[in-house]
Amino acid sequence: MTTGMTMDLDKPRDECGLVAVSGSGAAAELAFLGLYALQHRGQESAGIVTVDEKGAPRSHKGMGLVADIFDDATLKGLEGSLAVGHVRYSTAGRSDLRNAQPMLVEYQDQPLMLAHNGNLTNAQELRDRLSREGSIFQTDSDSEAIIHLIARSRRQDHDQKVDDALSQAVGAFSVVVAIGDTIYAARDSRGFRPLVLGRLGEAVIVASETCALDIIGAAYLRDVRPGEVLKIRDGHIEELRPLPPAEPSACLFELVYFARPDSRVWGCSVDSARRKFGRQLAIEHPTEADCVFAVPDSSNSAALGFSETSGVPFEFALIRNHYVGRTFIHPTQAGRDFKVRVKYNPVRETVEGKRCVVVDDSLVRGTTSRGLVTMLREAGAAEVHFRVASPPVRFPCYYGIDMPTREELIGANHTVEEIREHLGVDSLGYLSMEGMHAAVANHGPFCDACWSGDYAAPLVDLMRRKEMQST
Ligand code: AMP
């Protein structure tokens with residue numbers, strides 16, 4: 001979900017994770033654990049909404065990390081056998097509790113809640129139209145449009161109203177809508193963002209990634225399919241009419257960076273996909289070296305793959321401080337690389353006098369890698385060879401991954417040689433587009449828009465704005 005009263009379409013998109021539980025006496029606790037496992041998908045705010053036995057909603061949301069927002073007392077207060085939970089990180093919209101999800105409204109004397117992962121590309125158009133028709137928006141989040149579309153639908157029952165609303169949404173949405181005791185779980189027709197289905201005894205669990213099922217001991221049933229709309233009540237799952245079909249377009253960046261390596265995404269283990277990227281990278285960009293290491297944690301698997309294929313020994317040469325939050329305050333007198341220094345530190349004994357290969361999963365702005373290289377040189381590395389386990393990121397994501405504007409993307413504005421010079425490394429090699437696709441060929445088709453600029457779902461709002469600017 002994206003935020004912004006007047007959304008800045010060139011700005012980064014936000015990232016989210018969601019979980020829903022149906023048919024469990026411990027719904028809130030299960031949702032809490034699920035969110036805890038999905039914390040990497042959003043660290044700004046989190047929330048859980050339940051529906052108690054009388055049909056009344058119970059909600060608790062807060063800014064910050066899941067473990068700091070909920071405690072025994074708040075979870076006990078979240079009574080009910082249905083729960084919807086959400087974690088969110090946004091740089092695009094205002095960072096306040098009003099935008100925290102799940103959204104909760106009263107609809108025909110019942111609670112209606114919504115949790116959304118992804119970005120609608122026609123959010124502004126929907127918002128403009130709905131506002132003209134009389135909708136009053138409570139938040140500046142695009143996800144709210146779905147609620148208004150449901151509420152204003154002329155179709156007969158809830159199933160049809162949800163279908164009506166989702167059919168008008170363009171772009172990326174893995175979404176959970178709960179009305180009273182019923183959960184609707186759906187993915188957009190192209191299936192940009194993941195959503196999986198699990199079972200724990202009688203209970204049904206819906207979650208962004210399988211790691212949320214693992215933590216509660218739920219069995220993975222299957223992925224929610226692109227365009228699929230499921231109706232879940234008291235632990236029963238019913239398949240409703242799917243959304244109009246489109247060519248699937250699963251986000252490849254989930255495998256490169258975003259998802260947890262212990263999850264299965266797009267039917268494949270994220271760890272094994274990253275290892276394959278690393279192996280292919282070693283074939284495409286070999287180098288004589290004494291050690292190879294990762295920028296932990298997202299490139300651990302790729303660095304292992306590189307080591308396996310190249311025969312260069314794998315080392316733990318960069319140590320990450322896991323307690324650095326997104327909101328860390330940087331003293332103004334600190335240097336440009338201080339942010340990186342707070343998060344990573346090299347093991348001097350491992351790199352001193354060594355020819356080092358550093359593997360990272362992606363280069364976005366290039367600031368992290370530049371800082372790391374400075375630190376490795378200071379620690380006495382004899383040579384630094386940088387390897388990136390994905391192609392140069394050249395385009396913003398409009399489908400739910402937080403990416404900076406084109407101006408800030410180093411790969412959009414510089415050649416590989418220019419980037420090599422900027423980073424101050426002895427050599428630089430990116431995984432090729434062909435190599436990346438070949439490594440996971442059985443699991444596509446994929447969205448690779450951040451590398452190729454091929455946007456599968458129409459960028460409705462962006463086009464509208466361009467048209468308005470040109471007239
Ligand atoms: P930079 O090149 O300094 O912008 O940062 C690149 C690093 O950030 C890589 O090591 C990635 O692991 C990580 N990264 C890539 N995409 C994202 C994202 N959307 N949000 C946060 N971190 C990211």
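Every heavy atom of this structure was used, including side-chain atoms; hydrogens, water molecules and symmetry mates were not. As the structure is a prediction and not an experimental result, all values here were calculated from the model. Whatever order the structure lists them in is the order used to number ligands and atoms, beginning at 1.
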Part of Glu15 with heavy atoms under 4.0 Å of ligand 1, whether side chain, backbone, both or neither: side chain
Residue portion contacting ligand 1 (non-hydrogen atoms closer than 4.0 Å) for Val295: neither
Which segment of Asp360 sits under 4.0 Å of ligand 1 when only heavy atoms are counted: side chain
Test item: Pro445 and Pro248 side chains (from C-beta on) under 4.5 Å apart, heavy atoms: yes
Which of the ligand 1 atoms, numbered from 1, are nearer than 4.0 Å to a heavy atom of Asp402: 18 (C), 19 (N)
Contact partition for Ser362 relative to ligand 1, non-hydrogen atoms under 4.0 Å: both
Numbering as shown, the atoms of ligand 1 that approach Ile401 to under 4.0 Å (heavy-atom distance): 19 (N)
Subset of ligand 1 atoms that lie under 4.0 Å from at least one heavy atom of Ser298: 12 (O)
Donor-acceptor pair between Ser141 and Glu144 side chains, under 3.5 angstrom: no
Residue pairs, two or more places apart or on separate chains, that pass side chain to side chain donor-acceptor pair (under 3.5 Å) and touch residues 348-357: Asp290-Arg355
Sub-4.0 Å atoms of ligand 1 with respect to non-hydrogen atoms of Arg365: 1 (P), 2 (O), 4 (O)
N/O separation below 3.5 Å, Leu363 to ligand 1: no
N/O separation below 3.5 Å, Phe253 to ligand 1: no
Test item: Ser174 side-chain N/O and Asn117 main-chain N/O as donor-acceptor pair under 3.5 Å: no
Residue part near ligand 1, for Asp361, under 4.0 Å between non-hydrogen atoms: side chain
Ionic contact status for Arg41 with Glu254, cut-off 4.0 Å: yes
Carboxylate-amine/guanidinium contact Asp426 Arg377, below 4.0 Å: yes
Parallel, tilted or perpendicular: ring planes of Phe173 versus His116, cut at 30 and 60 degrees: perpendicular
Which residues share a side-chain contact (heavy atoms from CB on, under 4.5 Å) with Ser269, sequence neighbours left out: Arg264, Asp271, Ser272
